[in-house]
Amino acid sequence: MIHSDWDDWLPRAVESADPETVAIWYLGCNGFILKGSEGTTVAIDPYLGTGDPPRTVRMIPVPFAPEDVAEMDAVFATHEHTDHTHGPSQAPILETTGASFYAPDDSLAVAFDDEAWLDEYDLTEEQFTEVTEGDTVEVGEFTVHVEISHDPDSTHPVSYVFEHDSGTFFHGGDTKPHDDFDDVGERYDIDLGVLAFGAIGNIDDKQTGEPKRTRWYSTENEAVEAASALQFDRFLPSHWDMWKGLTADPKVLHHHARSYAYPESLEIAEIGDRVDL
């Protein structure tokens, strides 16, 4: 059972919100909730676990318990890593709300095989949809396009483009820069984009337990390179807050971005913050 440090105020805030465009809440790590003007609510990579101490240590609060989520139309996973596809965080949301789960094949392998969500929770196979690059799905007022994500540490990552009448939101998962992002940036007018950003630090190796130099996320220059290629109007960095040894200061991105045409501005959000599209 996941315990929330903040009780249930955040899911209640999402439920009571009546945005004119799209309201976006940052859940810490790489998690987000989007709620459109007509009430469609989706989540991307909501992770409420504490990691695997002492190897990976969560540095921010657990913002809510998944059982406290009463309204959700869909949950999207970008890739198979634990902090993006996680049964204890996501399956109870699907169970309580009847939401659909969209994810690439290797994320579904975690759900079906490694963690046995269908056995452990009251879920049906019909709630799960496999997606891959080039797919498009409709969820309420959102049209969601599945695009490339370049994460060498993942076996099959994807990114998502959420189109809405009021604007376009991009979530890159844990991607690093890729040559194909120039094409993605030309095809979509991305108003607000999310990219993972973090420091390089020593994390204990899974096999040996010895500290190992670890780079899981884009550096300052890589994050801005990707945001520039994708032509973000507003760039919201994520993941910088999460793991002990890999935390970073997102304000430094101002210095790296200011000589580029894109991103036009930097949006800094802390866990629990709301920004609007």
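Since the model is a prediction, treat every value here as computed from it, not as a measurement.
For Y260, there are no ring pair (Phe, Tyr, Trp, His ring centres under 6.0 Å) partners, not counting sequence neighbours. With sequence neighbours excluded, no residue forms a side-chain hydrogen bond (donor to acceptor under 3.5 Å, both in side chains) with D191. Judged as a side-chain hydrogen bond (donor to acceptor under 3.5 Å, both in side chains), and not counting sequence neighbours, Y262 has no contacts. Here Y102 pairs with F76 under the ring pair (Phe, Tyr, Trp, His ring centres under 6.0 Å) rule; sequence neighbours left out. Legend: residues meeting ring pair (Phe, Tyr, Trp, His ring centres under 6.0 Å) with H81, ordered by chain and number and at least two apart, are H79. The side-chain hydrogen bond (donor to acceptor under 3.5 Å, both in side chains) test applied to E80 returns S154, T155, not counting sequence neighbours. A search for side-chain hydrogen bond (donor to acceptor under 3.5 Å, both in side chains) contacts involving E133 returns H156, not counting sequence neighbours.
Pairs of residues two or more places apart, or lying in two chains, that qualify as salt bridge (charged side-chain N to carboxylate O under 4.0 Å, His left out) and include a residue from residues 221-240 are R215-E222, R234-E267. Within the structure, no pair that satisfies the side-chain hydrogen bond (donor to acceptor under 3.5 Å, both in side chains) test touches residues 58-76, not counting sequence neighbours. Screening residues 23-34 for salt bridge (charged side-chain N to carboxylate O under 4.0 Å, His left out) gives no qualifying pairs among residues at least two apart or on separate chains.
The shortest distance between side-chain heavy atoms of L27 and I271 does not fall below 4.5 Å. Looking at L195 and L230, their side chains come closer than 4.5 Å, going by heavy atoms from C-beta outward.
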Enumerate donor-acceptor pairs with a distance under 3.5 Å from any side-chain N or O in residues 48-55 to protein atoms, sequence neighbours excluded.
{"residue": "R55", "atom": "NE", "partner": "D204", "partner atom": "O", "Å": "2.7"}

Without placing hydrogens or testing angles, list every side-chain donor-acceptor pair under 3.5 Å for residues 119-128, not counting sequence neighbours.
{"residue": "Q127", "atom": "OE1", "partner": "T124", "partner atom": "N", "Å": "3.1"}
{"residue": "Q127", "atom": "NE2", "partner": "L94", "partner atom": "O", "Å": "3.2"}
{"residue": "Q127", "atom": "NE2", "partner": "A99", "partner atom": "O", "Å": "2.9"}

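In this structure, F169 and F162 have tilted ring planes: the angle between them lies in the 30° to 60° band.
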